[in-house]
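Contents: one structure, followed by commentary.
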There are 2 protein chains.
Amino acid sequence: MIDDIDRQILDILQENARTPNAEIARQVGMAPSAILERIRKLEERGVIQGYAVRINPDAYGLGLMAYVFVRADERAGALTTAEQMALIPEVQEVHHVAGEDCFLAKVRVRGTRELGELLRDRFGSIETIRSTRSTIVLDTVKETTMLYEPETGGSRG
Amino acid sequence: MIDDIDRQILDILQENARTPNAEIARQVGMAPSAILERIRKLEERGVIQGYAVRINPDAYGLGLMAYVFVRADERAGALTTAEQMALIPEVQEVHHVAGEDCFLAKVRVRGTRELGELLRDRFGSIETIRSTRSTIVLDTVKETTMLYEPETGGSRG
DNA sequence: AATGAAATCGCCTGAGT
DNA sequence: ACTCAGGCGATTTCATT
């Protein structure tokens, strides 16, 4: 699906997504136009989903992060619980998870007061949500979106 | 700390971090050199921490995501538990959290077999870890790093 | 699917306001 | 702190292989 040259390009972009095309070409040892072509195709095929800037959340006034575990009973019709949570801008991630709690949401807000408001006003108004349990993040030691190269080959189909 | 023009620039970069400088200048209504200067300063001040490419994890061979809750007893000396977890490439995030479990780690691996190996070999060899509890992600409904503009003003100091 | 030439466009410095 | 001008380099298209 993606070959070795694609991986090289992706790895360079993972380090710095604003790396100029010509610089990537130098590192990979190909012509810039060939690199452009490959990046285009990676975008078309949905391998590259976009380019994000990493902003210090504190500087942005979003000093508090929390994980919210959501228990819900799904009903047919209308939007699903997860889709409604996904519409909330303070919610960065929504995952459907195995286990007793059905969903896990990652949220960023200014402070504890705003977290309370979020849970009461936004989560609280989603009909299917039975209960929530929040885990406050005190300190973030690592936070990256970089993907580790998995060992290829191996005994997996 | 960051003014309205900075916010405009950051918002454009949040949409697409590879947006050319000149394009940002057009949208903001300023000269490209002024935009460049502002971006430089945002980088210097650590507001902008970097630029990331968003890669489809499945295409990269990392189809399984899990959250690992880690209970540990901290000991003085050597690296802390969190720092040791942060060294593992499959670990994308490590948070120190409030509550019974001390840490929360987000991990991406190829499949369940690799998750097992990761927990046994890598987490298992960190001396201070008492126990782990993993929550498998079945489906990701939303996953963004975009920061929502918090309401400014308000009754907070 | 990659190259290389050529045109377009953006980057970035320096001077000036 | 921003604008403007200009040289340099990058991006991108296209013909070719």
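So you know, we letter chains A, B, ... as the sequences are listed, proteins then strands, and number each from 1. Quantities reported herein were computed from a predicted structural model and do not represent experimental measurements.
Residue L36(A) contributes atom CG, which lies 16 Å from atom P of dG4(C) at whole-angstrom precision. Atom-to-atom, CD of E23(B) to P of dC12(C) comes out at 16 Å; the value is rounded to the nearest Å. Rounding to whole angstrom units, CD1 of residue I35(B) and C1' of dC12(C) are separated by 14 Å. Between M30(A) atom CE and dA10(D) atom C1' the separation is 17 Å, expressed in whole Å. Remark: P of dC12(C) and CD1 of I39(B) are 10 Å apart, rounded to the nearest angstrom. E43(A) places its CD atom 13 Å from the P atom of dT11(D), with the value rounded to the nearest Å. The distance from atom CG of D3(A) to atom P of dA1(C) is 9 Å, rounded to the nearest whole Å. We find that CD1 of I24(B) is positioned 12 Å from C1' of dC11(C), with the value rounded to whole Å.
Note on E23(B) versus R26(B): salt bridge recorded, some NZ/NE/NH1/NH2 to OD/OE distance being below 4.0 Å. Ion pairing between E143(B) and R108(B) holds under the 4.0 Å rule for side-chain N and carboxylate O. Ion pairing of E117(A) with R113(A) is present here, as a side-chain N (NZ or NE/NH1/NH2) and a carboxylate O approach within less than 4.0 Å. Using a 4.0 Å cut-off between a side-chain N of Lys or Arg and a carboxylate O of Asp or Glu, R130(A) and E100(A) do not qualify as a salt bridge.
For P20(B) and R38(A), each mapped to the nucleotide of DNA chain C holding its nearest heavy atom, the one lying further toward the 5' end belongs to R38(A).
Residue A22(A) is classed as a sugar-phosphate contact, given heavy-atom separations below 4.0 Å to backbone atoms only. Contact annotation for R18(A): no contact, since no heavy-atom pair falls under 4.0 Å across all strands.
Nearest nucleotide to the A34(A) side chain, out of dC11(C), dT3(D), dA2(C): dA2(C).
A donor-acceptor contact under 3.5 Å links the side chain of S33(B) to the base of dC4(D).
Phosphate proximity of dT12(D) to R40(A): absent, as no side-chain N or O sits under 4.0 Å from OP1 or OP2.
Taking the centre and axis of the six-membered ring of F103(A), the NZ or CZ atom of R71(A) falls outside the cone set by 45° and 6.0 Å.
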